[in-house]
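The next block holds one structure in the form of structure tokens; read it before the comments.
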Amino acid sequence: MTTTTSTSPWNSRLRELAKQCLFSEALTLYRQMLRFGHPPNAFTFPFALKSCAALSLPLTGSLLHSHVVKTGCEPDPFVQTSLVSMYCKCRSTDDARKVFDENPHSRKLTVCYNALISGHASNSKFRDAVSLFRRMREEGVEVNSVTMLGLIPGCVAPVHLSLGMCLHGSSVKCGFDVDLSVRNCLLTMYVKCGSIDNARKMFNAMPEKGLITWNAMISGYAQNGLATHVLNLYREMEYCGVCPDPVTLVGVLSSCTHLGAHGVGREVERRIESSGFGSNPYLKNALINMYARCGNLVKAHAIFDVMPEKSLVSWTAIIGGYGMHGHGEIALELFEEMIATGIRPDKAMFVTVLSACSHAGLTDEGLECFAAMEKNYRLQPGPEHYSCMVDLLGRAGRLKEAKELIDSMQVKPDGGVWGALLGACKIHKNVELAEIAFEHVIELEPTNSGYYVLMSNIYSDANNLEGVLKVRVMMKERQLKKEPGCSYVECKGRVHVFLAGDRSHCQTEDIYSILEELENLAREPGASNENEGERNKEQVIGVGVHSEKLAIAFGLLNTEPGTEIVVIKNLRVCGDCHLFIKSISKIVDRQFVVRDATRFHHFRNGICSCKDYW
DNA sequence: ATAGGGTTAG
């Protein structure tokens with residue numbers, strides 16, 4: 001390789017740009033270099049190729065490859081490795097493999113093997129990555145911790161767990177696990193393989209934790225729906241004096257969304273502002289979601305409105321927010337608006353839109369969207385879309401059509417699809433069809449106790465005691481227990497989890513006396529139907545929180561979803577929680593939502609005791 | 001002078 005003196009300053013400039021991640025500028029500089037007659041050399045290509053890789057430009061990349069060949073730089077190991085890496089990052093592992101195989105030099109290089117292994121692992125070719133790793137060891141090429149860092153992230157599903165554990169073992173044996181990155185990587189592997197306990201063990205065993213360690217654990221809990229664990233760990237992190245970054249806060253916000261923890265969410269928002277992360281698009285989307293799901297649609301929409309770049313995820317978040325609170329028309333309007341701005345919806349968006357239609361009873365609109373999905377966007381509906389459609393038709397009482405839709409499905413219906421039909425049969429009291437749906441659903445999800453309970457309630461509504469008994473016996477035989485339903489109420493930054501039959505909350509006495517007071521209120525004239533017998537007695541069926549106020553809703557225990565329920569009157573209740581009754585509620589999808597205010601949590605049996613979670 | 005790696009939203 002000859003170094004042209006005139007090329008040298010160009011190379012330095014190129015290196016500077018690549019170092020600062022100004023990749024398109026780097027490529028512009030490369031083009032200028034050619035135009036001014038400075039031939040690229042072995043010190044030029046790694047930076048130019050890296051820029052192609054970062055921008056994922058496969059065509060420019062192969063053009064550069066031809067320049068590499070033309071200038072005779074191909075044998076250079078640095079250039080070879082850069083080529084392999086570039087092709088991998090541009091998703092063409094085959095081309096990377098070709099470069100690798102055609103150059104016997106690179107086959108002796110650890111770095112080149114590392115690039116190829118990581119490239120295969122990150123392009124869902126884990127098996128190939130593993131066989132390359134084996135070959136590397138057979139050929140006596142030195143394995144190092146970077147090799148592990150490329151290979152381990154290929155374990156992305158529970159089927160990879162045992163292999164991942166082997167990799168953990170060999171990392172320890174070779175001493176690679178002293179590297180913090182390798183430990184972080186292993187921790188993430190356990191999370192992705194669904195082994196959250198092992199992830200936590202790993203976390204606890206780490207004497208030195210970096211920000212990424214905390215983030216990996218927090219996101220891990222968040223992805224597995226363990227929202228209260230996320231909030232606990234976040235507090236612990238703050239206690240340890242570790243400063244959160246946007247990745248941390250995205251995980252925390254997604255858990256606030258799950259819990260309806262509006263107050264913690266607002267605290268996180270203040271933190272975002274004070275840390276200068278205000279323009280991070282991930283955080284903005286997470287905030288929109290959090291506010292929308294917590295019922296603060298005004299705030300969610302305000303954030304959405306001022307976003308300079310609204311991505312598909314942003315639109316899905318705001319549309320989903322309106323949809324889940326029963327504002328189907330607004331959801332559809334926004335959907336139209338999004339289409340008009342030229343954003344193409346994806347499958348997840350259609351799930352959101354279809355469920356918005358079904359929550360709001362927009363049956364025809366839902367049917368239209370479903371048809372448009374395949375016709376206009378060439379998106380094959382999956383079982384998740386069919387469950388929305390079955391729900392939509394079922395709620396509208398069109399059970400026959402719902403059943404026909406299932407029979408016409410190209411993909412195999414899953415438990416959710418039959419479960420939606422079963423739910424619709426409950427609403428419309430169709431025992432015969434319910435039995436068919438039940439048979440299918442328990443074949444697909446034999447351990448989901450919710451469906452047994454639903455079927456038992458259908459029999460019970462039809463006064464079919466034999467049926468009730470039959471289902472109860474089935475549950476007993478299969479040793480199924482109904483997981484206790486819980487509700488959460490957030491107050492002053494703390495989340496309280498409520499379980500039935502448990503009086504461990506430090507304010508249990510106060511809470512009971514307040515509930516009793518509220519129950520009495522519910523029986524006041526105009527608010528209840530005392531004469532209609534025990535089944536129709538109004539009880540507390542929901543509670544929700546917004547700002548400092550607590551909303552409590554009353555309804556009939558046998559109220560069917562879709563019926564309006566009314567919160568009786570404003571009552572100020574003394575006590576630490578500053579209880580209020582607020583607003584009008586509407587039952588949406590078996591959840592009770594206070595309009596314009598809050599996420600609602602239901603109390604199935606009127607009074608629940610309460611467990612202090614924190 | 002140059003190459004390979006770990007955490008993020010619906």
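Excluded from the calculations below are hydrogen atoms, water molecules and symmetry mates; all remaining heavy atoms, backbone and side chain alike, are included. The sequence lines fix the lettering, A, B, ..., with proteins before strands; numbering per chain opens at 1.
- A donor-acceptor pair shorter than 3.5 Å cannot be found between the side chains of A:Tyr322 and A:Glu333.
- Between B:dG6, B:dT7, B:dG10, one nucleotide has an atom nearer to the side chain of A:Asp346 than all others, and that is B:dG10.
- Taking the centre and axis of the six-membered ring of A:Phe23, the NZ or CZ atom of A:Lys50 falls outside the cone set by 45° and 6.0 Å.
- In this structure, A:Ile288 places its CD1 atom 10 Å from C1' of B:dG10, rounding to the nearest Å.
- The distance between atom CZ of A:Arg293 and atom P of B:dA9, rounded to the nearest whole Å, is 14 Å.
- If you check every strand for non-hydrogen atoms under 4.0 Å, A:Ile218 touches nothing.
- Side-chain atoms of A:Ser82 lie closest to B:dA3 of the nucleotides B:dG10, B:dG6, B:dA3.
- Here B:dA3 is the nucleotide among B:dA3, B:dG10, B:dT8 with the atom lying nearest to any side-chain atom of A:Lys50.
- For the side-chain contact (heavy atoms from CB on, under 4.5 Å) with A:Thr248, the qualifying choice from A:Val242, A:Leu211, A:Leu233 is A:Leu211, the only one to do so.
- For A:Cys185, taking side-chain heavy atoms from C-beta onward, the closest of the listed nucleotides B:dG6, B:dT2, B:dT8 is B:dG6.
- Separating the CD atom of A:Gln80 from the C1' atom of B:dA3 is a distance of 11 Å, rounded to the nearest angstrom.
- The side chain of A:Arg15 approaches B:dA1 more closely than any other nucleotide in the set B:dA1, B:dG10, B:dT7.
- For A:Ser8, counting side-chain heavy atoms from C-beta on, the closest listed nucleotide (B:dA9, B:dA1, B:dT7) is B:dA1.
- Side-chain proximity of A:Pro46 to the nucleotides B:dA9, B:dG10, B:dT2 is greatest for B:dT2.
- Spacing between atom CD of A:Glu16 and atom P of B:dT2 amounts to 12 Å, rounded to whole angstrom units.
- By the salt bridge (Lys or Arg N to Asp or Glu O under 4.0 Å) test, A:Arg31 is found to be paired with no residue, residues two or more places apart in sequence or in another chain being considered.
- Using a 3.5 Å distance cut-off with no hydrogens or angles, the side chains of A:Arg200 and A:Asn204 do pair a donor with an acceptor.
- Every residue two or more places apart in sequence or in another chain that forms a side chain to side chain donor-acceptor pair (under 3.5 Å) with A:Asp95 is listed here: A:Ser92.
- Closest approach to the A:Val146 side chain among B:dG10, B:dG4, B:dA9 is made by B:dG4 (side chain taken as heavy atoms from C-beta onward).
- The distance from atom CZ of A:Phe133 to atom P of B:dG4 is 20 Å, rounded to the nearest whole Å.
- Distances shown here put a side-chain N or O of A:Gln223 below 4.0 Å from the OP1 or OP2 atom of B:dA9.
- In terms of phosphate contacts, A:Lys19 brings no side-chain nitrogen or oxygen within less than 4.0 Å of OP1 or OP2 of B:dA1.
- Rounded to an integer number of Å, the gap from CE of A:Met206 to C1' of B:dT7 is 12 Å.
- Rounded to an integer number of Å, the gap from A:Glu74 CD to B:dA3 P is 19 Å.
- When the shell of 6.0 Å around CD of A:Glu139 is examined, it contains more than 12 heavy atoms from other residues, nucleotides or ligands.
- A:Arg107 CZ: more than 12 foreign heavy atoms inside a 6.0 Å radius.
- Residue ring and base: A:Phe78 does not count as stacked with B:dA3 (centre distance below 5.5 Å and interplanar angle below 30° not both satisfied).
- One donor-acceptor pair, N or O on each side, does fall under 3.5 Å between the base of B:dG4 and the side chain of A:Asn144.
- Rounded to a whole Å, the CD1 atom of A:Ile303 is 18 Å from the P atom of B:dA9.
- Defined by atom type and a distance below 3.5 Å, a donor-acceptor pair is missing between the side-chain atoms of A:Asn215 and A:Asn184.
- Shown for residues 104-131 of chain A: residues whose heavy atoms fall under 4.0 angstrom of DNA chain B, namely A:Thr110, A:Val111, A:Asn114, A:Ala115, A:Ser118.
- Among B:dG5, B:dG10, B:dA1, the nucleotide with an atom closest to any side-chain atom of A:Phe43 is B:dA1.
- Side chain A:Thr188 to base B:dG6: no donor-acceptor pair is found below 3.5 Å.
- Of the candidates B:dA1, B:dA3, B:dT8, the closest approach to any side-chain atom of A:Val250 belongs to B:dT8.
- For A:Thr81 against B:dA3, a side-chain N or O and a base N or O form a donor-acceptor pair under 3.5 Å.
- Heavy atoms of A:Asp179 sit under 4.0 angstrom from at least one base atom.
- OP1 or OP2 of B:dG5 lies within a sub-4.0 Å distance of a side-chain N or O belonging to A:Lys89.
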